[in-house]
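A short write-up of the structure that comes next.
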Amino acid sequence: MPELPEVETVARGLNQLVAGDVIESVWLGSKPEPLKSPAREIVLTLERAQIGGVRRVGKHIVVDLLRAGAGKSKARNKPVDKAQWIVHLGMTGRILVCRAGDEKLKHTHAIASLRSGRELRFVDPRRFGRLSVSSEFAARGAEPLEVQLEAFVKLFRQRKTPIKSALLNQSLLSGVGNIYADEALSRAAIRPRRRASSLRREELRRLYLSLKEVLQEAIALGGSSVSDYVDANGDQGSFQLQHRVYGREGEPCLVCRTPIKRIMITGRSSHYCPHCQK
DNA sequence: ACTATGTCCTGCGAGC
DNA sequence: TGCTCGCAGGACATAG
């Protein structure tokens, strides 16, 4: 499940592979397309655009596009038109860099053919992913790796919802998903069911630091490959080997040997050590 | 404004 | 073996 570290890893890899290349044509699969923008708008925006770079915003992959202005512009006409291709991988979405002749996988929903002879293919069995185009894409929530402590504290002070749910709320923080919410709470020694508003300042400070730490460590290891996540080169991440609670129900806590518990919090499985986390 | 719940979608593993 | 069932979960719609 691509969260911030996985999306960061994919975006960096894609940037290495395709920055500077040019999208020559676009194919969109039929029927229920996973599109947030109208299909024709996506095609018009992507075709003939040069890829300026690929980066991450929250859990979104942002492909910065450079498009020559229509026709031979007079000087005052916008010479280069900025746009972005936004890809959200959802649960099972992948972007593959292929050769044009490569076999097309089932659940391929979009293909962008590049001048280099390669193709960018969007494949997503579960169809939770989304494609769109934008001219000024911005995430609603704060970037966890950039937010300051004071702003972080403010996000949670008044919330009555469980801290686990608040961490997953993308309009507060962008990029935190189920794995890293559980792992950050584990490192901060806070139970996921605690009301956000019940956390003392010191606890919020621990959570703030733990979240940054776990995200940075995960990025360094290329993310967590739990089900089928792989990066832009098809390689697995290795941070799943560092998980302290996620996916370890019944296994001993690495600190105190107490079995890790799994509970449901607003429909999301949540893992924690009942002894270490208060 | 905030919170909780249901829905989407396919693959896979548990259980019988 | 083959079947059903429930779960995986990010984001959004809807209801309270």
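Taking the charged nitrogens against the carboxylate oxygens, A:Glu8 and A:Arg12 do have a contact shorter than 4.0 Å, which makes a salt bridge.
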task: Verify salt bridge (Lys or Arg N to Asp or Glu O under 4.0 Å) between A:Glu203 and A:Lys278, making sure each step is shown before the conclusion.
output: CA-CA 10 Å; A:Glu203 291 176 315; A:Lys278 309 292 184 190; over 6 Å; no

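Between the side chains of A:Asp124 and A:Thr92, at least one donor N or O lies within less than 3.5 Å of an accepting N or O. Judged by distance alone, the side chains of A:Ser197 and A:Arg195 never bring a donor and an acceptor atom under 3.5 Å apart.
Annotation: the span from A:Lys104 atom NZ to A:Cys98 atom SG amounts to 11.5 Å, rounded to 0.5 Å.
Remark: A:Leu254 engages A:Arg244, A:Arg248 in a side chain to side chain contact (heavy atoms under 4.5 Å, CB included) (not counting sequence neighbours). Shown here are the side chain to side chain contact (heavy atoms under 4.5 Å, CB included) partners of A:Leu155, two or more places apart in sequence or in another chain: A:Leu172, A:Leu173. Applying the side chain to side chain contact (heavy atoms under 4.5 Å, CB included) criterion to A:Ala218, with sequence neighbours excluded, gives A:Pro5, A:Tyr180, A:Phe239. Checked against side chain to side chain contact (heavy atoms under 4.5 Å, CB included), A:Arg40 has the following partners two or more places apart in sequence or in another chain: A:Pro38.
A:Ser225 places a side-chain N or O within donor-acceptor distance of the main-chain N or O of A:Tyr229, the cut-off being under 3.5 Å. Distance alone, capped at 3.5 Å, is enough to place a donor-acceptor pair between the A:Arg191 side chain and the A:Gln277 backbone.
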Check the interface with nucleotides 12-16 of chain C: list each N/O to N/O pair with the protein under 3.5 Å, or write none.
from   : atom 1 : to       : atom 2 : distance (Å)
C:dC12 : OP1    : A:Lys36  : NZ     : 3.3
C:dC12 : OP2    : A:Arg140 : NH2    : 3.3

Would you tabulate the pairs of protein nitrogen or oxygen atoms and nucleotide nitrogen or oxygen atoms of nucleotides 11-14 of chain B closer than 3.5 angstrom?
from   : atom 1 : to       : atom 2 : distance (Å)
B:dG11 : OP1    : A:His107 : NE2    : 2.9

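Pairs of residues two or more places apart, or lying in two chains, that qualify as ring-ring contact (aromatic ring centres under 6.0 Å, His included) and include a residue from residues 246-278 of chain A are A:His243-A:Tyr246, A:Tyr246-A:His271. Under the side-chain hydrogen bond (donor to acceptor under 3.5 Å, both in side chains) criterion, the residue pairs touching residues 204-222 of chain A are A:Arg187-A:Glu213, A:Arg187-A:Glu217, A:Glu202-A:Arg205, A:Tyr208-A:Lys212, with sequence neighbours excluded. The stretch residues 46-55 of chain A participates, sequence neighbours left out, in these side-chain hydrogen bond (donor to acceptor under 3.5 Å, both in side chains) pairs: A:Arg55-A:Asp64.
Sorted by residue number, the members of residues 150-185 of chain A with any non-hydrogen atom under 4.0 Å from DNA chain C read A:Gln170, A:Gly177, A:Asn178. A heavy-atom distance below 4.0 Å to DNA chain C is reached by these residues of residues 84-95 of chain A, ordered by number: A:His88, A:Met91.
Two residues are said to be in side-chain contact when any heavy atoms from C-beta on lie closer than 4.5 Å; A:Asp182 and A:Lys164 meet this criterion.
Hydrophobic clustering (ILVMFWY, side-chain heavy atoms < 4.5 Å, transitive): A:Ile23 and A:Leu96 are in distinct clusters.
As a whole-Å value, the separation of A:Ile61 CD1 from C:dG10 C1' is 14 Å. The interatomic distance linking A:Gln240 (CD) with C:dA8 (P) rounds to 19 Å, in whole Å. Atoms CZ (A:Phe122) and P (B:dC9) sit 14 Å apart, rounded to a whole Å. Atom CG of A:Leu4 and atom C1' of C:dA11 are 16 Å apart (whole Å).
Axis orientation changes by 50° from one end of the helix from B:dC2-C:dG16 to B:dC16-C:dG2 to the other, with each end axis drawn from 5 pairs and the value rounded to 10°.
Each of B:dT10, C:dG10, C:dA8 was ranked by its minimum atom distance to the side chain of A:Tyr246; first place goes to C:dA8.
Contact of A:Arg268 with C:dG10 (side chain to base): a donor-acceptor pair of N or O atoms is detected under 3.5 Å.
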